[in-house]
S.K.: 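Below is a structure I'd like to ask you about.
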There are 2 protein chains.
Amino acid sequence: MMKRDGEQQFLAQYRPEDFRRPSVAVDIVVLTVTANAQLSVLLVRRNEHPFKGVWALPGGFLRVGPSVKDQGEDLDAAAVRELEEETGLSPDVVFLDQLHAFGQAGRDPRMRVVSVAYYALVPPDLLPRVRPGGDASQVRWTSVTAARAGELAFDHQIILTTAVARVAEQLETTAIARSLVGSTFTIPELRAAFESVTGKKLDHGNFRRKFNALVLSGVVERAPGKRATASKPAAVYRFHPRSDA
Amino acid sequence: MMKRDGEQQFLAQYRPEDFRRPSVAVDIVVLTVTANAQLSVLLVRRNEHPFKGVWALPGGFLRVGPSVKDQGEDLDAAAVRELEEETGLSPDVVFLDQLHAFGQAGRDPRMRVVSVAYYALVPPDLLPRVRPGGDASQVRWTSVTAARAGELAFDHQIILTTAVARVAEQLETTAIARSLVGSTFTIPELRAAFESVTGKKLDHGNFRRKFNALVLSGVVERAPGKRATASKPAAVYRFHPRSDA
DNA sequence: TAAATAGTGTCTATGAGACATTATGTA
DNA sequence: TACATAATGTCTCATAGACACTATTTA
């Protein structure tokens, strides 16, 4: 890239002044719909102060490189890395997107920290593959209702609430529903997933009608077989491989 | 607030390890609809390297305090401060919200910088009150089309594009339209504002119908007088004071 | 009077909400 | 057979898009 006159020299001589910098953390709201049709969030129990023993969202600090040439990892890359460290899952199979930057002074009692929060959706059939890693003494899926009733470290309650609201919004406008169900699913399963995110009951008939429109448009297709339930088995579907999230 | 056992002592003895930190910048996409019904963005010409002489979004660095007790300004407060420094406008009269955090390594050639971008909407009738401040040698409103055709410093092109897309989205679901027109406005003026943001022509009749629904619901009300135009004058309206953005 | 733009009305297709009804499995 | 739930159908209302038409001002 062409540089403007003098820019090269300027940069060569530039010494970042010694003004104070915040730490930048990346926290991830990892969500899934568990077997009991409950929207659940992955929490880790902190084994260090502050908030020792308290449940928190998985996260870590952005890695900043030592030089101008090597500035470290991209912000998004940090989120991918954290997700992988905490769950063992890669973004190929998990929806991951930025949520919001939380930067209130005093939100971390140790030092100034700006947290860039991300949210991730784990398809339920990948749950068995989630293997906790990192330095967390405990990792656990908790229903969002339970998590919101209990205590969370830092301002993670706010982050969680924001994330759930975002997913509910996105559900109506984008195709993130793919990431809320397994590779195959039934209409009632998908409906239950919707209900668990929005917290509202949906009319089965009307939900079906909208679903059928998806089938006609090719977004979703019949898969062989039926899913056994307590009563009448349900037809099985899958998302069409090509149409992207 | 009750602290857990040992947390007080931990914090008293805590020394933030010397890992590297990024700078955190706040950049603001200040948008308005100018008299020629063009969506325009406030740009400042950089008078320092890097990108000296190139137009950029107004912005600055987050101020971080010296101690754990005084951690500095909130992230949102930094955005408010920057907005005020660059335009002299307070958030009472200007819509201001967070857009996205941009944190690619190398996006600033001086050092690692994570930029948290905000977007602001300035009602057109406040344009005369915008008085450029700060250290920028020049401040200017530029039509978004022109800005996108030219060069912008850093990754500000991407930030601008993201902001315009966000506003277009919000326009359909929220009440930010308030901030795109003056304290009084005509239906064609509001329609022109919509068109300038979305880039699409809207049917006058259908737009009117939706507008009338707003009048019925009390969101908007007739204001006295008529607005003179080149032909038939248009009725004047205003948003109802109480219903919030 | 012509040009221009404000303002009104209408037809139709689509989609959402609120049901009622039928079908097919299990206990 | 009773029960549970999958699957379908129907009625109504609100809304969006396309478009034709009328009204009122200035040049």
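Sequence lines set the chain letters: A, B, ... in the order given, protein chains first and strands last, and positions in each chain run from 1.
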S.K.: Taking CZ from A:F207 and P from C:dG17, how many angstroms apart are they, rounded to a whole number?
M.R.: 13 Å
S.K.: If you look at every strand shown and take non-hydrogen atoms under 4.0 Å, does A:A235 touch a base, only sugar-phosphate, or nothing?
M.R.: sugar-phosphate
S.K.: Would you kindly give the CZ-to-C1' distance between A:R227 and C:dT24, to the nearest whole Å?
M.R.: 18 Å
S.K.: Output the rounded distance in Å from CZ (A:F211) to C1' (D:dG9).
M.R.: 19 Å
S.K.: Taking B:L43's backbone N and O only, do any of them form a donor-acceptor pair with B:Q138's side chain (distance below 3.5 Å, no angle check)?
M.R.: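 Side chain of B:Q138 to backbone of B:L43, a donor-acceptor pair under 3.5 Å: no, none is there.
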S.K.: Between atom CZ in A:F194 and atom P in C:dA16, what is the gap in whole Å?
M.R.: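 Nearest whole value for this atom pair: 12 Å.
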S.K.: For a quick check, with a 4.0 angstrom heavy-atom cut-off, what is the B/S/- contact string for nucleotides 13-27 of chain D, read 5' to 3'?
M.R.: ---BBBB---BBBS-
S.K.: Are the side chains of B:L152 and B:F154 in contact, using a 4.5 Å heavy-atom criterion?
M.R.: no
S.K.: For B:R191 and C:dT5, give me the distance from atom CZ to atom P, rounded to whole Å.
M.R.: 10 Å
S.K.: Are B:R209 and B:N206 linked by a side-chain donor-acceptor pair shorter than 3.5 Å?
M.R.: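 Their side chains do contain a donor-acceptor pair, which is all the 3.5 Å distance test asks for.
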S.K.: Assess the residue pair B:T162 and B:F102 against the criterion (side chain to side chain contact (heavy atoms under 4.5 Å, CB included)); give the C-alpha distance rounded to whole Å, side-chain angles, the decisive distance to 0.1 Å, and a yes or no.
M.R.: CA-CA 11 Å; B:T162 310; B:F102 295 84; 3.9 Å; yes
S.K.: Please report the distance, rounded to the nearest Å, between CD1 in A:I187 and P in D:dA7.
M.R.: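 Taking CD1 of A:I187 and P of D:dA7, I get 6 Å after rounding.
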S.K.: Kindly indicate whether the side chain of B:F185, heavy atoms from C-beta on, has any atom under 4.5 Å from the side chain of B:D125.
M.R.: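 No, too far: nothing below the 4.5 Å cut-off.
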S.K.: Quick one: B:R222 CZ to C:dG7 C1', roughly how many Å, whole number?
M.R.: 12 Å
S.K.: Provide, to the nearest angstrom, the distance between the CG atom belonging to A:N212 and the P atom belonging to D:dT8.
M.R.: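 Whole-Å distance recorded here is 7 Å.
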S.K.: Using the benzene-type ring in the case of Trp, are the ring centres of A:F211 and A:Y237 under 6.0 Å apart?
M.R.: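 Ring centroids of A:F211 and A:Y237 are less than 6.0 Å from each other.
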